Novice: 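One structure is given below, represented as structure tokens, and several questions about it will come after.
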Amino acid sequence: MIDLRQLRDDPERVRASQRARGADPGLVEAVLAADERRRASLQEFEKARAGQKARSREVSKAKGEEKQQLIAATRELAQRVKSLEAAADSAVEELGALARKLDNVVEDGAPAGGEDDYVVLREVGTRRDFDAEGFTPRDHLELGELLGAIDTERGAKVSGARFYYLTGAGARLELALLMCAVDTAVAHGFTPVITPTLVKPEVMAGTGFLGEHSDEIYRLEADDLYLVGTSEVALAGYHSGEIVDLSAGPLRYAGWSACYRREAGSYGKDTRGIIRVHQFHKVEMFSWCRVEEAHDEHLRLLGFEEEMLAKAGLPYRVIDVAAGDLGSSAARKYDCEAWVPTQGRFREVTSTSNCTTYQARRLDVRERDPHTPDGGNRHVATLNGTLATTRWIVAILENHQQQDGSVRVPEALRPYLGGIAVLPPVT
RNA sequence: GGAGGUGUCGCCUAGUCCGGUCUAUGGCGCCCGCCUGCUAAGCGGGUUUCGGGCUCAACCCCGAUCGCGGGUUCAAAUCCCGCCGCCUCCGCCA
């Protein structure tokens with residue numbers, strides 16, 4: 001939900017945002033008109049209601065015959081109030097339905113356009129030249145099988161396509177990576193959190209995932225609960241309905257959770273290995289901060305992601321995602337993509353979004369406004385960013401492989417693997 | 001899953017039996033002022049939240065708001081129905 005006051009004050013800004021996203025700018029007019037209707041309808045109801053309350057007070061004072069007459073005379077007014085209230089309710093409802101269609105207002109500087117219109121901000125690290133090294137790199141699944149680390153066949157046998165087992169070195173590598181991510185987050189002041197992975201509909205809706213991406217999400221019919229695709233959902237819900245204190249700076253959490261995705265629209269894409277799977281693990285950063293601080297906080301989250309990529313020793317690039325490819329909650333999004341040698345291209349391994357007040361508005365998370373004297377409340381900004389996921393294993397295996405099929409462990413991860421420097425083939 | 005209890009403004013609390021100045025009481029905390037003078041105590045005032053009047057601030061007025069949603073009624077914190085959270089006990093299962 002965007003700020004309706006901002007929409008009224010500066011509709012052109014929202015129209016421009018809609019255009020940048022490739023969405024309908026005409027929606028702005030529709031929302032403004034609905035807002036007019038809501039206020040008119042509300043005023044009418046409130047005026048009638050005030051009259052009714054005045055009459056009701058007279059009734060309470062009157063006696064006998066006079067009282068009976070007053071009651072009879074007020075009956076009609078009560079009916080009128082009831083229907084005006086219903087009208088006002090539906091006007092509010094209609095406004096809400098329209099306003100919820102508006103995606104977050106895109107931050108200035110974000111590239112316009114769709115999925116392919118991203119801008120590459122920088123490329124970091126050196127890609128290995130396997131020709132010069134004299135061997136053909138194996139892909140992550142082949143390596144995973146050599147190391148006894150990844151078993152997709154049994155995953156499919158037990159749970160179906162896009163499921164897998166991480167075994168032995170694979171399981172340890174995942175735990176090491178995620179622990180390293182948690183420690184990195186803690187070092188930067190984040191509170192580690194293990195979150196629920198089943199959430200209520202209002203929380204899922206509050207984070208903006210029930211819009212166009214709703215078919216990506218698993219739902220448990222019998223209990224009316226959703227499986228989260230990221231701990232962002234549970235972390236966003238954590239402070240819902242609360243007034244938080246940001247006077248000492250942002251509230252930062254690092255969520256650790258399993259993540260579930262239906263991958264409904266991706267038949268035939270990335271079917272080999274564990275690049276695109278229904279279930280994986282992730283450490284996710286989540287910040288609550290003042291709107292004024294959101295831009296800087298966003299760049300900080302991006303910095304922490306790059307720090308993790310450096311620890312994993314991965315060559316990567318940073319892209320500024322185009323407006324049309326942002327989720328409905330995001331005003332700006334940066335992805336880090338790691339180089340995957342056998343694919344000859346970069347694949348997304350992190351994503352950080354500045355959601356400004358969009359999520360906080362839906363989830364009703366506010367702070368005491370530091371700018372008004374008697375402390376009105378205002379909505380806060382939310383941001384999220386990936387620190388590590390199961391997919392990183394793909395990049396780590398491929399980028400650090402050696403000719404004999406063994407894989408070098410990045411130095412920063414070794415302490416988490418009992419000091420092991422190389423993962424040897426087991427077959 | 002079953003039984004009982006419970007949910008009132010930031011926190012605690014009165015009010016609910018028996019519907020009507022409840023326009024929700026008091027305390028704590030917080031804010032402003034006074035007195036005192038230097039970490040105290042006292043005095044006076046203010047303080048639910050959201051929306052609207054209304055374009056910023058102040059003031060004022062109006063509406064909603066007593067866990068949530070319905071209903072009855074001229075009138076609901078109060079009566080009725082449904083749901084949810086929490087507590088206690090029982091059952092079942094890790």
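Just so you know, these numbers come straight off a predicted model, no measurement behind them.
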Novice: So, does Asn377(A) get its side chain near the phosphate of U49(B), meaning an N or O under 4.0 Å from OP1 or OP2?
Specialist: no
Novice: Which donor-acceptor pairs under 3.5 Å do the side chains of residues 185-197 of chain A make with protein atoms, sequence neighbours left out?
Specialist:
residue, atom, partner, partner atom, Å
His188(A), NE2, Glu307(A), OE1, 2.7
His188(A), NE2, Glu307(A), OE2, 3.4

Novice: For the residue pair Tyr253(A) and His239(A), does the interplanar ring angle fall in the parallel (under 30°), tilted (30 to 60°) or perpendicular (over 60°) class?
Specialist: tilted
Novice: Is it true that Arg19(A) and Glu12(A) make a salt bridge, defined as a side-chain N closer than 4.0 Å to a carboxylate O?
Specialist: yes
Novice: What is the distance, to the nearest angstrom, from the CD atom on Glu242(A) to the P atom on C11(B)?
Specialist: 11 Å
Novice: Does G53(B) have its OP1 or OP2 closer than 4.0 Å to a side-chain nitrogen or oxygen of Arg39(A)?
Specialist: yes
Novice: With both distances under 3.5 angstrom, what nucleotide forms a Watson-Crick or G-U wobble pair with C38(B)?
Specialist: none
Novice: Taking atom P in both A14(B) and G91(B), what distance in whole Å separates the two?
Specialist: 34 Å
Novice: Using atom CZ of Arg57(A) as one end and atom P of U23(B) as the other, report the distance to the nearest whole Å.
Specialist: 8 Å
Novice: Ignoring backbone atoms, test whether Arg366(A) places a side-chain nitrogen or oxygen under 4.0 Å from the OP1 or OP2 oxygen of C50(B).
Specialist: yes
Novice: Can you tell which of G52(B), U49(B), C62(B) lies closest to the side chain of Arg8(A)?
Specialist: G52(B)
Novice: In whole angstrom, what separates Glu85(A)'s CD from G63(B)'s P?
Specialist: 13 Å
Novice: Using only heavy-atom distances, decide whether a donor-acceptor pair under 3.5 angstrom links the side-chain of Glu46(A) to the base of G53(B).
Specialist: no
Novice: Tell me what Lys53(A) touches on the nucleic acid: a base, only sugar-phosphate, or nothing, going by heavy atoms under 4.0 Å.
Specialist: sugar-phosphate
Novice: Within the 4.0 Å limit for protein heavy atoms, which parts of nucleotides 66-76 of chain B are touched? Write it as a string from 5' to 3', B for base, S for sugar-phosphate only, - for none.
Specialist: ------S-BSS
Novice: To the nearest angstrom, how far is Asp35(A) atom CG from G51(B) atom P?
Specialist: 12 Å
Novice: Would you give me the side-chain donor-acceptor pairs under 3.5 Å for residues 80-102 of chain A, sequence neighbours excluded?
Specialist:
residue, atom, partner, partner atom, Å
Ser83(A), OG, Arg80(A), O, 3.1
Ser90(A), OG, Ala87(A), O, 3.1

Novice: Do Arg39(A) and Asp35(A) sit within salt-bridge range, that is, some charged N less than 4.0 Å from a carboxylate O?
Specialist: yes
Novice: Only pairs with both distances under 3.5 Å count, Watson-Crick or wobble alike; so what is the partner of C60(B) in this structure?
Specialist: G53(B)
Novice: Would you mind reading off the distance between Lys200(A) atom NZ and C84(B) atom C1', rounded to a whole angstrom?
Specialist: 7 Å
Novice: Determine which nucleotide pairs with C92(B), using a 3.5 Å limit on both distances of a Watson-Crick or G-U wobble pair.
Specialist: none
Novice: Please give, in whole Å, the distance from G63(B) C1' to Arg38(A) CZ?
Specialist: 13 Å
Novice: So for atom OH, which belongs to Tyr238(A), do other residues, nucleotides or ligands contribute more than 12 heavy atoms lying within a distance under 6.0 Å?
Specialist: no
Novice: Among G53(B), G63(B), G51(B), which nucleotide has an atom closest to any side-chain atom of Leu42(A)?
Specialist: G51(B)
Novice: State, to 0.1 Å, how close Arg391(A) and Val349(A) come at their nearest heavy-atom pair, and which atoms those are.
Specialist: CD-CG1, 4.5 Å
Novice: Could you check which nucleotide pairs with U6(B) in any of the strands shown, counting Watson-Crick or G-U wobble with both distances under 3.5 Å?
Specialist: G85(B)
Novice: Distance check needed: A57(B) C1' versus Arg378(A) CZ, whole Å only.
Specialist: 17 Å
Novice: Between U78(B) and G67(B), how many Å separate the two P atoms, rounded to a whole number?
Specialist: 8 Å
Novice: Within this structure, what is the CG-to-P distance between Asp10(A) and C56(B), rounded to whole angstrom?
Specialist: 14 Å
Novice: Counting Watson-Crick and G-U wobble pairs only, both distances under 3.5 Å, name the nucleotide matched with C30(B), or none.
Specialist: G46(B)
Novice: Does Glu36(A) come within less than 4.0 Å of Arg8(A), counting only side-chain N to carboxylate O?
Specialist: no
Novice: How far does the C1' atom of C32(B) sit from the matching atom of C50(B), given to the nearest Å?
Specialist: 25 Å
